[in-house]
Amino acid sequence: MKKSLLIVPGLLALSLAGCSEESESSAESSDGLLTSDWQEISDAAASQEVNMYMWGGNDNINRYLDEWVAPRLKEDHGVELNRVPMNDSQDIINQLVDEKSVGKTDGSMDIIWINGENFKAAKDNELLWGDFTSQLPNFNDYIDQEAPEIAADFGEPVDGLEAPWGKAQFVFVHDENKSATPPKSMDELAGWVQDNPGQFTYPALPDFTGSAFIRHVLYETTGGYEQYQQPAADIDDLEDRLEPMWQYLNSIEPYLWREGETYPESLAKQDQLYASGEIGMTMSYDPALAASEVLKGRFPESTRTFVLDGGTLSNTHFLSIPFNSSAKAGAMVAINEMMSPEAQIAKLSPENWGDLSALDLEKLSPEQQQAMNDVDLGEATLPLDELENHQLPELSADYIEIIEKGWMEHVAKD
Amino acid sequence: MSDLRIINIEKQYPQTKQQKDPAFSLQPVALTIKEGEFFSLLGPSGCGKTTLLKLVAGLMPADKGEIWVGDDHLTAVAPEARRFAMVFQQSLLFPHMTVEDNVAFGLKMQKIGKRERLADAQSMLEHVGLSGYGSRFPDELSGGQQQRVALARALVAKPRVLLMDEPFSALDPSLREEMRELLRGVQKEFHVTVLFVTHDREEAFYLSDRIGVMSEGKLLQIGKPKEIYEQPANVKVASFLGLKNIIEGRVINNRFVSNDQSFEVPVQTSIKTGPSVMIIRPETIRLVPDNIVKNLQCLYFRGVIQQKIFNHGFYSVKVQAGEYLLTCSFTSQEAENMKVGQTIDLMMNNGDLRFLNE
Amino acid sequence: MKSPRRLLNSILFLLLFFVIGLPFVPLILSSVSFGWPWPNVLPDSFSFRAWEYVLADSSGTWSVVGTSLLVAFIVTAVNLLLAVPAANALVRNSFRGKWLMEAIIFAPIVIPPFVAVMGIHLTFLRLGLTETILGVVLAHISPTLPYMVRAIMISYNTLSVDWENQARMLGAGPISRFVHVVLPHLLPGIAAGASLSILISLSQYLITFIIGSGQVVTLPILLFPFISGGDPAVASAYSLLYAGIAVLTLVGMDLALKKYYQNKKAATGKG
């Protein structure tokens, strides 16, 4: 009796090692939502509870969803939006892969916030529901569907699997009091670094932002982005072409923070160094983040951002619906709502979030355009048109992999 | 009648790898303890007396045999349902309960109401001389007091048999005597059947109606204290009882001859021919009075006084006779003129001698 | 006579206070800081932004605290039910394969949880246990049970079988023996094991995250994105809240235990 009781925890521990068997998921567009008209979808959405899985490490973004988006969805459409905080979007994909492998059809993820690599992984593993964006009125009315940054996500065709929610653009962040005239090209940056030893660094790869910084070096030192708009495998002399980039990075290394012996392990660490005044420059793939950090008191009031004359990378982030969402209609209504001009204008405001709009300005009414332009982005953020005029397309994932490996070999190792 | 009957109980311990000793086994024991009797199991440690006690308690399953009380067959009955009580070497008072609650514990298990059981506990505490200690906790009592509480706790539920496993061996000697007195008193008062395990001869002789002497898993002899003392069944019993003056020799033609030939005595026909011992109790040895006519019913011998010690109102005198150093007990009067080195004549009745085949 | 001793006690107390209390000082400062440039010892200015966010209704902090405690207490209760018989068997009996049983029960202490949690996830998905409190509770048992068993085993080691035999000889059946003799003796061990179990359950991130799949949200789930996302103010505020809840829970348990003993004394000590 007592001995058999002892076995219970033992068995429990053993059962943890259970293995998976492959089973095919059945969740496809059987419910007809992909073809029905919007009114039917709205009706089906009413009173649905929608779980939105997204990175939860920014109180502004969390508050924008909890306090601006969720109450409006509830009031106008009867849709209950429940934000689920995640530490890393990669986890969303891992979870969906597991759910797919055991054939779970009643998933709790209804909206996921992804882009780039995660989108590619989700698409390759067929974790996304289907071509739903063409059903969304706001997608049809306000989005420039032909624009390359909307039609493709880091080089991967979107195919209607995800709807654009906002845009990000790479900016450098500096303290006006320390450097009144910031560098406008990679050459000038190299000069600035040498003049201000110990004041510059970038996050060690594979940090997302550190990697993006190096892509700018690639574009400027090897003669522009156009040559990389084809698969990396198609360029025979790629290694030779990358050589000037490694030379550039090694030439500035001795003048970096801690003489380049070490790099901050993440952007968060680098921002901390900037916030505490230890270095004079940082960077961000979010053009309004600096303004919001100023509002939070982390960054000094004299913080400003700048872009290079040759432009900086920009990308789009998207909302998608997983294959096994239990509230697809609700998810569609919620995504449509988050793409509305009102929601996008509110999102643009640094007090809420400060995220660039995904909408095509020219498709908005004059009043909406006015409202968009009237948003006070804060002194640290560049004007929308200046950002828009300096955008460069992203590189596809195969290049990014090569660059990250190369950086370890050519730069970090020496 | 509610006699405790132990019928051919036996127990074999498997030999374990850790212990190098050979497997221990308790030989079949048959024993009847009468209601109200105080019975002691006496023996050296490791002789199996505690094992026997635990078998009777039911704390250990017996391989064979039966336990009865009166007409109740208890062999298969769980210990908690036997209505026995037990006092261990340690008092084992439950530390989180008051003395009162400890004593009332057995009654609580019998679902007796709180008021009644506390009243019973109080009165039992009075019997063991601890009235007024009821609300204390065990750690506030001395070792002797704790053992009194343990005794009270065992008696309060009026057990059919009280089992006691060397209950006083952890106490210091003066306290031990006090406890003996107390136990004897309450045992008589409550007329409780007691099975008492001890290795202390004095304790067993003082308390018991009957004693069973055990050694190496065997019950060697059962009898009243006087019988065992005067007529030990064999050498083992004699030596464990601490009898003095054990003289080795042989029986030939119904006569015992000591190994050094200095003693020769006629024996009864029940003593077989062959190696045997003669036991002379110290108090049966007397000085040979002057001008006496020697007769055949007595054994006479001569010895040299080696040592003379005053011991509790009498003298213990060691006398060298032949190869043997005999211990004799003399009154102060008799010993008055004795000196070490002096040669004296001694005698004893043949009837006081005890012969055992080896 | 007593003063040197009292002095020593005060010094020890201060030392303890510093060792335990000191790490909280920067946490508190950080949670209310508004700009904290590098060489400065103290922040430039203060703001309650982080606390306002953490305590705002919309951030759902209190319901998350409730879930965390609910999970921790159920885990501890289940652990108790499993650990007492397990500890009893491991201490009191010798049987074939005992070392294997011990190894299995104590394995989670040395094997990091993420090794097992992937396998658990697939199994639980199939059993429909993911996204449920029950699933999270079951998954929390593996890292917490070893400590509970260990603590209760130590208590059992000091409980001689004689005590139970004594109770037996006084007519106590198995339940009475457990309630009146074994349980009071195990109580300190149970308290120690339960404290560990609650603390470890409260601090689980990975297991809760994977098995709860976002539908069972505990404090670490809210806290982690802020640590990795580099918002030290909110992360500090959550950390302090976490520490506060943990301390309150432990103090509460301690008080309950003391009260139990006092009641015990009061109930029996009236004379």
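Here is the naming used below: chain letters follow the sequence lines, and residue numbers restart at 1 for every chain. Here the structure is a predicted model, which is why all the values come from computation and not from measurement.
- Crowding of A/Glu379 atom CD: a count of heavy atoms from other residues, nucleotides or ligands under 6.0 Å not exceeding 12.
- For the set A/Asp106, A/Asn94, A/Asp91, A/Asp271, the entry with the most heavy-atom pairs within less than 4.5 Å of chain C is A/Asp91.
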- [ ] Please assess A/Met109 against C/Gln215 for the test side-chain contact (heavy atoms from CB on, under 4.5 Å), listing each intermediate value before the final yes or no.
- [x] CA-CA 9 Å; A/Met109 294 190 202; C/Gln215 295 303 299; over 6 Å; no
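- If you take OG on C/Ser213 and CD1 on A/Ile92, they are separated by 11.5 Å, rounding to the nearest 0.5 Å.
- With no hydrogens or angles considered, no side-chain donor-acceptor pair links A/Asn60 and C/Tyr53 at under 3.5 Å.
- Scanning all heavy atoms of the two residues, the minimum distance from A/Gly56 to C/Pro225 falls at C-CB, 3.4 Å.
- Residue pairs that meet the salt bridge (charged side-chain N to carboxylate O under 4.0 Å, His left out) test with at least one member in residues 92-104 of chain C, sequence neighbours left out, are C/Arg92-C/Glu164.
- A/Gln95 approaches C/Ile210 most closely through the heavy-atom pair NE2-O, 3.9 Å.
- Within a 6.0 Å radius of CZ in A/Phe208, more than 12 heavy atoms belonging to other residues, nucleotides or ligands are found.
- For chain C, no part of A/Ser266 is nearby; none of its heavy atoms comes within less than 4.5 Å.
- In A/Lys178, the NZ atom is crowded: over 12 heavy atoms of neighbouring residues, nucleotides or ligands sit closer than 6.0 Å.
- Here the CG atom belonging to C/Leu222 is positioned 11.5 Å from the CG atom belonging to A/Asn87, to the nearest 0.5 angstrom.
- The OG atom of A/Ser101 sits 7.0 Å away from atom CZ of C/Arg126, with the distance rounded to the nearest 0.5 Å.
- A heavy-atom distance below 4.5 Å is found between the side chains of A/Lys104 and C/Thr130.
- Side-chain contact check for A/Asn62 versus C/Phe226: some heavy-atom pair is nearer than 4.5 Å.
- In A/Glu67, the CD atom is crowded: over 12 heavy atoms of neighbouring residues, nucleotides or ligands sit closer than 6.0 Å.
- When the shell of 6.0 Å around CG of C/Leu100 is examined, it contains more than 12 heavy atoms from other residues, nucleotides or ligands.
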- [ ] Go through the steps for C/Arg49 and A/Leu295 under the test side-chain contact (heavy atoms from CB on, under 4.5 Å), then give the verdict.
- [x] CA-CA 10 Å; C/Arg49 172 189 67 88; A/Leu295 277 180; over 6 Å; no
